2 protein chains.
Amino acid sequence: MGAVTQGTERRRVGRPRAASRDLLEEAACELFLERGYAATSVADITSRAGVSRSTFFNYVEAKSDLLWARFDDAVVALRARLADGADVAEALRELAAGLPAENVAMAFAQGEAMGLGEELRLAAVRRLADVRDALTPALRAGGATPLVARSRAGAYAGCLLAAVQEWSLAGAGRTDLVALLDEAVRATLG
Amino acid sequence: MGAVTQGTERRRVGRPRAASRDLLEEAACELFLERGYAATSVADITSRAGVSRSTFFNYVEAKSDLLWARFDDAVVALRARLADGADVAEALRELAAGLPAENVAMAFAQGEAMGLGEELRLAAVRRLADVRDALTPALRAGGATPLVARSRAGAYAGCLLAAVQEWSLAGAGRTDLVALLDEAVRATLG
DNA sequence: TCGTATTGTTGGACGCCGACCAACAATCAC
DNA sequence: GTGATTGTTGGTCGGCGTCCAACAATACGA
């Protein structure tokens, strides 16, 4: 398990955790808004969270993943659904429906205030790749050639991220993400 | 000019250059194949190229951009064409047609041998974002809403990169990139 | 021929990230 | 109590990318 374990399972033995992903996320958000992303070091974050720097990497893979934890959780769930044979378009809509408004939208919505800049573009497109690569095998299983499967998967993923961005910028609760996704998919994949 | 200048213009004054982007690229390729990407430091590259480490950043923005210089050039050209009002689909095909086989395909083709792994995924999807963001304004100018423009631009860009990957893996010269691109676009954007 | 402006290179320093590890601390089970 | 388990801590380490002042090599004008 190289992955960072976000144990919701209650452990009953061993030293209790002193931090959590959420705690670090909150501390980071504050600091990003105060000083900007680039000017905030990992040490700054852990310091505010009241924990040591080493502990940070027990909960977060990288500083750049901090604002995307919920989204990444959703992608894990997406993979699971697809592995169970779910329909691609439907699984995507479920992902969109289950996306918590505040957290995921943060990066896009506050991106300006946090001085994310290029970092935001990269983080977002990385998630696009994650979604695309989750969808691709399912489309392949549907009989598509590798090129076509990958292309269509990329298109779906692109629609999702464009929708999430639009949704975030419009103010997370004010529009329906699924509706935006539907519109985007209709307009590009027909 | 924050950008790294690849001056083809003959300068007639001042100290002559001791290196070039191509020189560094070649040195890097050798080392990546020998020891792998992660095990090759910037200092290793410049050392083989017979130049100091500082000089590296006069020619390359980052180690991760080394293998993508030609592609990035093509994206610059793409932006120029679109700014001149070229048609989106056509401009993309021109990009594909002009892409030099050996250099761009390197990352995909030798990715395994170089131990690129995740680095390759990230670098590739970063270029997807570059192309997408180049296409988006042109689609917007065509009257599309921001959401739709971005989605369709992403789909086009995804098709391009899927095609490039397929093209590279098949052996750069053995297939026609434009044909692959056409197929991908036909299958996803209709 | 000799400065002088221009353009590049060099080496060193810096802050930071992310990996790693051994020592230590806090909990549970017996 | 004792031991096992699970986390935290502080430290070190290599590497990246930034910055800068000093230096080197060229062209040009007087």
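All figures in this text were calculated on a predicted structure; none of them were measured in a lab. We name chains A, B, ... by the order of the sequence lines, and we start the count at 1 in each one.
Protein atom CZ of B:Phe56 is 14 Å distant from nucleotide atom P of D:dG15, rounded to whole Å. In this structure, CD1 of B:Ile45 is placed 13 Å from C1' of D:dG17, rounded to the nearest angstrom. Rounded to whole Å, atom C1' of D:dG15 lies 13 Å from atom CD of B:Glu119. When rounded to the nearest whole Å, the span between CZ of A:Arg53 and C1' of D:dG7 equals 17 Å. The distance between atom OH of A:Tyr59 and atom P of D:dG7, rounded to the nearest whole Å, is 7 Å. Remark: P of C:dG18 and NZ of A:Lys63 are 8 Å apart, rounded to the nearest angstrom. One interatomic measurement links the two molecules: CG of B:Leu122 to P of D:dC16, which rounds to 16 Å at whole-angstrom precision. The separation between A:Asn58 atom CG and D:dT9 atom C1' is 10 Å, rounded to whole Å.
Contact between the side-chain N/O atoms of B:Ser54 and the OP1/OP2 oxygens of C:dT10 is not found at any separation under 4.0 Å. OP1 and OP2 of D:dG15 both lie 4.0 Å or more from every side-chain N or O belonging to B:Tyr37. The side chain of B:Arg15 contributes no N or O atom lying less than 4.0 Å from OP1 or OP2 of C:dT9.
For the pair A:Lys63 and A:Phe56, the cation does not sit on the ring face, since its NZ or CZ is not both under 6.0 Å from the ring centre and inside 45° of the axis.
Distances from the side chain of A:Val42 to the nucleotides C:dT9, C:dA13, C:dC17 place C:dC17 closest. Picking from D:dG17, D:dT26, D:dG11 the nucleotide with the shortest atom distance to the side chain of B:Pro16 gives D:dT26. Of the candidates D:dT8, C:dC28, D:dG17, the closest approach to any side-chain atom of A:Thr55 belongs to D:dT8.
Following chains of ILVMFWY side-chain contacts shorter than 4.5 Å, one cannot reach A:Val51 starting from A:Leu23, and the two form parts of different hydrophobic clusters.
Here A:Ser41 lies in heavy-atom contact (under 4.0 Å) with sugar-phosphate atoms only. B:Ser64 comes within 4.0 angstrom of no nucleic acid atom, judged by non-hydrogen atoms across all strands.
No side-chain N or O of B:Asn58 forms a donor-acceptor pair with one of B:Thr55 less than 3.5 Å apart. A donor and an acceptor atom, one from each side chain of B:Ser47 and B:Asp44, are nowhere located under 3.5 Å apart.
Interatomic distance, B:Phe32 CZ to B:Glu119 CD, rounded to the nearest 0.5 Å: 9.0 Å.
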